[in-house]
*Asks:* 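Pasting a structure below so you can have a look.
As the structure lists them, so they are numbered: ligands from 1, and atoms in each ligand from 1. Along the sequence shown, the residues carry numbers beginning at 1. In what follows, every heavy atom counts, from backbone to side chain, and hydrogens, waters and symmetry copies are set aside.
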Amino acid sequence: MQWESSEARFQEKIDQEIKIEPKDWMPEKYRQTLIRQISQHAHSECVGMLPEANWITRAPSLRRKAILIAKVQDEAGHGLYLYSAAETLGISRDEMYDQLHSGKAKYSSIFNYPTLTWADMGAIGWLVDGAAIMNQVPLCRTSYGPYARAMVRICKEESFHQRQGFELLLHLSKGNEAQRRMCQDAINRWWWPSIMMFGPTDDASPNTQQSMKWKIKRFTNDELRQKFIDVCAEQVKFLGMTLPDPDLKWNEERGHYDFGTINWEEFWQVIGGNGPCNQQRLDTRKKAWEEGAWVREAAAAYAEKKKARTPVQQIA
Ligand code: FAQ
């Protein structure tokens with residue numbers, strides 16, 4: 001059968017590490033899985049700007065404000081590269097926005113938590129961007145070409161984000177008693193949601209097996225989570241702080257840190273729309289979309305006007 005041979009050839013290319021490009025034949029399920037994952041990723045970058053934007057006007061120094069603005073701006077750029085990568089699979093940007101605004105599309109659970117103090121900017125950089133990098137560096141080798149190429153630049157920028165967060169926390173950890181308390185409190189609040197970012201455990205993850213076979217994912221959710229926990233358990237020592245997990249303990253036999261039970265009930269509630277800030281985040285995105293209508297209309301009208309000009313007028 002034609003379909004069977006196409007499918008077999010496709011898998012062969014994947015096994016040989018040959019990138020799949022937009023015009024190549026691909027199984028419909030591969031295309032749909034990529035649209036789902038890439039658009040969810042793009043939405044996460046855009047919604048992810050909101051918790052940090054909350055602190056731009058309250059950054060404690062000009063240097064910190066400049067860093068935070070640059071970081072938030074980077075996230076917008078990441079969203080745009082990713083929307084462009086998803087568009088090569090035959091979905092329009094408007095459709096993706098519709099899916100976000102109607103609540104049909106997901107975005108990362110992490111951005112449904114509030115940013116209560118300045119130290120949260122450090123914890124987001126260290127832990128949230130740290131988890132993002134752990135997940136995204138392998139995506140530079142994902143099987144779909146446009147997604148893999150977008151991830152290369154994104155990862156370079158995420159690395160700066162992670163370092164600025166750690167440096168911010170290091171600064172607080174060397175400060176006065178109130179600053180140290182603020183630092184520990186932010187780590188306590190962001191730790192568990194950060195390790196939930198990797199998604200459900202492998203046995204509860206409906207997509208992992210097929211995505212690993214197609215090399216969309218290069219590691220499973222649990223593998224990446226474990227790597228992240230191992231790294232953070234060491235880094236936290238430099239801060240002189242602790243991770244809020246009494247069961248965190250080096251396991252000589254496994255060569256990894258053991259860790260406590262994750263509250264999966266909380267995870268499913270948050271991705272089901274019932275996290276502390278889900279409604280607020282969606283309302284803010286929808287408002288920005290509605291209030292930006294005149295900019296989109298003006299840009300489209302300008303493009304039409306330019307197109308209608310004669311070549312001589314265009315030069316002038
Ligand atoms: N949040 O079968 P799996 C950032 C859903 S980084 C919400 O394991 P999959 C940078 C999943 O969609 C954050 N939903 O799914 C930044 C699926 O639902 P569906 C974004 C989650 O796709 C930092 C169901 O659960 N990064 O933004 C989550 O194989 C600071 C079953 O799960 C990416 O998106 C979750 N945490 O694995 C920006 C990376 N976990 O659609 C601003 C790319 C799972 O079937 C500031 N994505 N779900 O109804 C991935 O690597 C994968 O999609 C996973 C999930 C690992 C997230």
*Asks:* Regarding atom 49 (O) of ligand 1: of the candidates Q210, Q37, K106, which has the closest heavy atom?
*Replies:*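 Answer by nearest heavy atom: K106.
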*Asks:* S109 heavy atoms, cut-off 4.0 Å: which ligand 1 atoms fall inside?
*Replies:* 1 (N), 7 (C), 35 (C), 36 (N)
*Asks:* Using heavy atoms and a threshold below 4.0 Å, how should the contact between E52 and ligand 1 be classified: side chain, backbone, both, or neither?
*Replies:* side chain
*Asks:* Using a 4.0 Å cut-off to any heavy atom of G199, which atoms of ligand 1 qualify?
*Replies:*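 Heavy-atom distances to G199 below 4.0 Å select 40 (N), 44 (C).
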*Asks:* Tell me whether R296 at atom CZ has more than 12 heavy atoms from other residues, nucleotides or ligands lying less than 6.0 Å away.
*Replies:*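 Counting other residues, nucleotides and ligands, CZ of R296 exceeds 12 neighbours.
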*Asks:* Could you walk me through whether F10 and Y30 pass ring-ring contact (aromatic ring centres under 6.0 Å, His included), step by step?
*Replies:* CA-CA 10 Å; F10 175 81; Y30 176 84; 4.8 Å; yes
*Asks:* Tell me the protein heavy atom at minimum distance from atom 31 (C) of ligand 1, and give that distance in Å.
*Replies:* P206 CD, 3.7 Å
*Asks:* Judged on heavy-atom distance to atom 15 (O) of ligand 1, which of N207, V47, I124 sits nearest?
*Replies:*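 Selected option, by shortest heavy-atom distance: N207.
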*Asks:* Does only the side chain of L224 get under 4.0 Å from ligand 1, or the backbone, or both, or neither? Count heavy atoms.
*Replies:*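 No part of L224 is near ligand 1 at this cut-off.
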*Asks:* Taking 4.0 angstrom as the limit and counting only heavy atoms of E158, give me the atoms of ligand 1 inside it, by number and element.
*Replies:*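 Counting atoms of ligand 1 from 1, those under 4.0 Å from E158 are 10 (C).
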*Asks:* Does ligand 1 have any atom sitting under 4.0 Å from a heavy atom of K71?
*Replies:*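 So K71 counts as touching ligand 1.
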*Asks:* For atom 43 (C) of ligand 1, which candidate among Y107, Y147, F219, W268 provides the closest heavy atom?
*Replies:*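 Of the listed residues, Y147 has the closest heavy atom.
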*Asks:* Quick one: does ligand 1 sit under 4.0 Å from the side chain of H41, the backbone, both or neither, non-hydrogen atoms only?
*Replies:* both
*Asks:* Tell me yes or no: between the side chains of N274 and Q269, is some donor less than 3.5 Å from an acceptor?
*Replies:* yes
*Asks:* Could you tell me, atom by atom, which parts of ligand 1 come under 4.0 Å of a heavy atom of F198?
*Replies:* 56 (C)
*Asks:* Please could you name the atoms of ligand 1 that Q136 approaches to less than 4.0 Å, counting only its heavy atoms?
*Replies:*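 So the atoms of ligand 1 that pass are 6 (S), 26 (N).
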*Asks:* For atom 37 (O) of ligand 1, grab the closest protein heavy atom and report residue, atom and distance to one decimal in Å.
*Replies:*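 Heavy-atom neighbour on the protein nearest atom 37 (O) of ligand 1: K217 NZ, 3.0 Å.
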*Asks:* Would one find an N or O of M197, backbone or side chain, under 3.5 Å from an N or O of ligand 1?
*Replies:*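 By distance alone, the answer is yes.
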*Asks:* Just to be sure I read this right, does ligand 1 sit under 4.0 Å from the backbone of F267, its side chain, both, or neither, counting only heavy atoms?
*Replies:* side chain
*Asks:* Relative to ligand 1, is S211 under 4.0 angstrom through side chain, backbone, both or neither, heavy atoms considered?
*Replies:*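 No part of S211 is near ligand 1 at this cut-off.
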*Asks:* For ligand 1, note which part of M49 has a heavy atom under 4.0 Å away: side chain, backbone, both or neither.
*Replies:* neither
*Asks:* Output the list of atoms in ligand 1 that are nearer than 4.0 Å to some heavy atom of S205, sorted by atom number.
*Replies:* 2 (O), 3 (P), 8 (O)
*Asks:* Check each of N135, I133, I195 against atom 39 (C) of ligand 1 and report the one with the nearest heavy atom.
*Replies:*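 Residue with the shortest heavy-atom distance to the ligand atom: N135.
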